[in-house]
Amino acid sequence: MTSPEEKLLAARKAAAEAAAALEAAEREAAAAKKAAEAPSTNSDAAQEIAQGYAVSAAALDLGTVIVDGQVDPQAAVRIPLRTVNRHGLVAGATGTGKTKTLQGIAEQLSAAGVPVVLADVKGDLSGLSAPGADDEKLRARANETGATDWTPTGFPTQFVSLGTEGIGVPVRATITSFGPILLSKVLGLNATQESTLGLIFHWADTQGLSLLDLKDLRAVIQHLTSDEGKADLKGIGGVSATTAGVILRALVNLEGEGGDTFFGEPEFETADLLRLDGSGRGIITLFELGSQAARPTMFSTFLMWVLADLFQTLPEVGDVDKPRLVFIFDEAHLLFADASKAFLEQVEQTVKLIRSKGVGVFFCTQLPTDIPNPVLSQLGARVQHALRAFTPDDQKALSKTVRTYPKTKVYDLEEALTSLGIGEAIVTVLSETGAPTPVAWTRLRPPRSLMDTIGEDAIRVAARSSDLQAKYGQTIDRESAYERLSAKVAQAPVEQEPQRRTPVAEETAAERIMRNPAVKSFLRSAASAAGREITRSLFGTRRR
């Protein structure tokens with residue numbers, strides 16, 4: 001027989017078990033409700049973000065929004081074409097997908113009838129000219145990023161190289177056109193040496209002397225450091241032998257690294273970048289280093305010369321529905337590393353002003369801190385791939401990057417920027433009204449073209465068949481300062497010296513020329529022979 005106490009204990013035990021079962025059921029129901037509601041909640045957040053990217057006109061489709069790891073194919077992230085000339089930044093650590101992002105942007109610009117200039121520093125972008133591989137993985141990626149019409153497609157691509165030793169169509173610039181500020185950046189000169197080089201250019205400009213190649217510049221430097229040449233700079237300073245020696249040695253090093261194949265004629269006409277193919281697609285011009293691989297700064301500096309020349313030659317267009325040209329600087333840190341104050345000021349001015357010419361500029365680099373703040377503040381679109389925070393400097397750069405983005409309640413940006421997968425980015429751009437869009441964790445669309453190189457042989461074939469090959473393929477060495485000096489010396493009688501001089505083994509042809517008394521009279525008459533004084537614009541480049 002069960003005692004009353006035992007019955008009470010059994011009843012309490014049964015009640016406790018029933019309460020525990022009820023609590024477990026309630027927890028399961030709450031979890032199920034949360035799981036059922038989570039996709040809707042995430043989708044609502046994604047759609048709210050996507051509303052900030054809605055456009056009424058043409059746009060570049062970057063991808064779709066991710067919230068809590070879930071992709072919403074209907075939540076599109078776009079850049080309005082009319083704001084692309086407000087410039088942009090693509091950044092991220094190595095291997096995070098920056099190059100493929102640039103490839104996708106270039107494809108869509110070309111398809112929209114906008115020519116593109118790409119600095120292909122690493123040779124990864126030649127695949128733009130060929131259709132991509134068609135496989136299930138790429139199609140799945142395309143579908144989840146809203147590109148349901150994805151098909152492998154090649155785009156019109158022009159391959160050009162700096163100098164004559166590359167595999168593309170050779171392009172060149174003259175020393176006179178390049179100017180002292182950009183040349184100083186290439187030569188690695190300090191502020192004092194840059195100032196001296198500016199004085200040398202100023203003197204040549206006032207004499208109407210067009211310096212076409214390196215030997216022309218060497219001849220002028222030799223003259224201005226000679227006894228006869230020093231008088232030409234009286235009243236505006238002079239060129240010290242020590243500084244001239246530094247500049248001449250830098251020129252010799254540049255020549256040894258292929259600079260002699262780049263500086264010269266025929267000079268590249270930047271209008272050849274503004275071309276469409278027969279279908280109305282913008283032609284993508286890929287610049288590769290060629291013989292300048294040992295001097296990558298030469299590469300980025302030349303591209304800035306192209307941008308400055310475009311600024312001089314293109315008319316003002318104001319706000320347009322789509323840009324006339326988009327310029328993409330890959331490995332942009334090379335442009336700003338060890339740059340002089342004058343150079344940085346000119347870059348800032350160019351980026352500010354080139355927008356009104358209908359030209360957009362995108363910089364691509366690993367860290368946003370690679371770009372000087374005055375330039376960074378001009379970049380309306382930000383596509384930030386994953387960052388690493390392994391060191392205190394990395395953490396500092398991460399914190400600075402977070403502060404450049406609009407406030408967001410959806411993401412913890414510091415955590416997000418170190419958690420992004422390959423082909424994902426934190427994005428904000430300028431809307432059609434010019435306001436910053438909401439921050440969007442974005443899964444980016446895959447390119448339609450080949451995500452690999454087509455090989456050097458294919459590039460050579462494409463370059464040889466280009467209509468630019470006939471225009472730029474053959475080097476022209478017309479009469480210039482060096483040749484005129486040599487001819488004058490050959491015709492002039494040699495003055496008898498009272499004492500025979502000991503020959504110097506290292507004496508160059510330019511030095512022998514400059515010792516001749518005929519040189520002085522020739523240089524003084526050069527202005528009438530060469531034309532009017534040369535004038536200069538941005539970066540001290542020649543005004544056309």
Side-chain angles (χ1 to χ4, degrees), residues 116-123 125 158-189 194 197 201 211-214 217 250-251 253-255 257-273 285-313 325 327-340 342-344 346-347 350-351 354 359 361-364 463 468 472 475 536-542 544:
V116 182
V117 174
L118 270 166
D120 191 14
V121 175
K122 295 175 291 187
L125 290 165
Q158 177 71 63
F159 300 97
V160 298
S161 301
L162 269 64
T164 60
E165 296 179 7
I167 57 178
V169 176
V171 295
R172 310 166 186 79
T174 63
I175 292 286
T176 286
S177 182
F178 212 67
I181 296 176
L182 293 179
L183 186 58
S184 294
K185 179 73 166 61
V186 171
L187 297 176
L189 304 182
E194 179 180 327
L197 188 61
F201 270 78
L211 310 174
L212 303 182
D213 48 31
L214 293 179
L217 180 57
L251 290 174
N253 292 335
L254 176 60
E255 186 172 7
E257 294 167 358
D260 58 329
T261 76
F262 167 67
F263 286 108
E265 291 186 314
E267 186 169 73
F268 185 66
E269 295 180 16
T270 53
D272 287 328
L273 300 174
T285 303
L286 287 183
F287 281 88
E288 63 103 21
L289 274 75
S291 62
Q292 302 302 322
R295 191 181 285 268
T297 302
M298 175 76 206
F299 192 64
S300 57
T301 308
F302 167 72
L303 293 177
M304 188 52 68
W305 171 79
V306 172
L307 201 60
D309 190 77
L310 286 168
F311 176 79
Q312 294 178 44
T313 55
L325 176 73
F327 224 91
I328 300 176
F329 281 85
D330 197 4
E331 303 293 335
H333 66 280
L334 298 172
L335 185 66
F336 301 105
D338 302 320
S340 68
F343 182 86
L344 293 177
Q346 292 293 291
V347 173
T350 304
V351 172
I354 198 74
V359 177
V361 181
F362 276 68
F363 295 98
C364 182
L468 294 184
Y472 298 113
T475 301
R536 299 191 174 274
S537 182
L538 287 171
F539 292 101
T541 55
R542 182 182 61 192
R544 291 179 185 258

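Residues take their numbers from the sequence shown, with the count starting at 1.
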(request) Could you tell me whether the side chain of Leu468 reaches within less than 4.5 Å of the side chain of Asp272, counting heavy atoms only? (result) yes
(request) Output the distance between atom CD1 (Ile167) and atom CZ (Phe159), rounded to the nearest 0.5 Å. (result) 8.0 Å
(message) Ile175 vs Phe201, test: side-chain contact (heavy atoms from CB on, under 4.5 Å). Steps then yes/no.
(response) CA-CA 9 Å; Ile175 292 286; Phe201 270 78; 3.5 Å; yes
(message) Tell me the closest heavy-atom pair linking Leu217 and Leu211, and the distance in Å.
(response) CD1-CD1, 3.9 Å
(message) Can you tell me how far apart CD1 (Ile354) and CG (Leu307) are? Round to the nearest 0.5 Å.
(response) 4.5 Å
(message) I need the Leu286 CG to Ile328 CD1 distance, nearest 0.5 Å.
(response) 10.0 Å
(message) Please check: side-chain N/O of Glu288 versus main-chain N/O of Gly166, any donor-acceptor pairing under 3.5 Å?
(response) no
(request) Check ring pair (Phe, Tyr, Trp, His ring centres under 6.0 Å) between Phe329 and all other residues, then give those that pass, not counting sequence neighbours. (result) Phe327, Phe363
(message) Please find the pair of heavy atoms, one from Thr475 and one from Pro266, that lie closest to each other, and give the distance.
(response) CA-CD, 4.3 Å
(message) Measuring from atom CZ of Phe262 to atom CG of Asp213, what distance do you get when rounded to the nearest 0.5 angstrom?
(response) 12.5 Å
(message) side-chain contact (heavy atoms from CB on, under 4.5 Å), that's the test. Do Trp305 and Ser177 meet it? Break it down for me.
(response) CA-CA 9 Å; Trp305 171 79; Ser177 182; 3.2 Å; yes
(message) Taking side chain to side chain donor-acceptor pair (under 3.5 Å) as the criterion, tell me which of Gln346, Gln312, Arg536 meets it with Thr541.
(response) Gln312
(request) Please report the closest heavy-atom contact between Phe263 and Leu254, naming both atoms and the distance. (result) CE1-CD2, 3.8 Å
(request) Could I get the full list of salt bridge (charged side-chain N to carboxylate O under 4.0 Å, His left out) partners for Glu194, not counting sequence neighbours? (result) none
(request) For Lys185 and Ala339, work out which heavy atoms get closest and say how close. (result) CE-CB, 3.6 Å
(message) In the structure I gave you, are the side-chain heavy atoms of Leu251 and Leu187 within less than 4.5 Å of one another anywhere?
(response) yes
(message) Contact between Phe302 and Val186 at the side-chain level, heavy atoms closer than 4.5 Å - yes or no?
(response) no
(message) What's the separation between atom OG1 in Thr270 and atom CG in Asp309, rounded to the nearest 0.5 Å?
(response) 3.5 Å
(request) Identify, with sequence neighbours excluded, every residue that meets side chain to side chain contact (heavy atoms under 4.5 Å, CB included) alongside Glu255. (result) Leu214, Arg218, Asp260
(message) Are Phe268 and Leu273 packed together at the side-chain level, in the sense that at least one heavy-atom pair is separated by less than 4.5 angstrom?
(response) yes
(request) Report the distance from atom CD of Glu267 to atom OG1 of Thr176, rounding to the nearest 0.5 Å. (result) 9.0 Å
(message) Show the nearest heavy-atom pair for residues Thr301 and Leu182, with the distance to one decimal.
(response) CG2-O, 3.5 Å
(message) Ignoring hydrogens, what is the shortest heavy-atom contact between Gly264 and Arg172? Give both atom names and the distance.
(response) O-CB, 3.6 Å
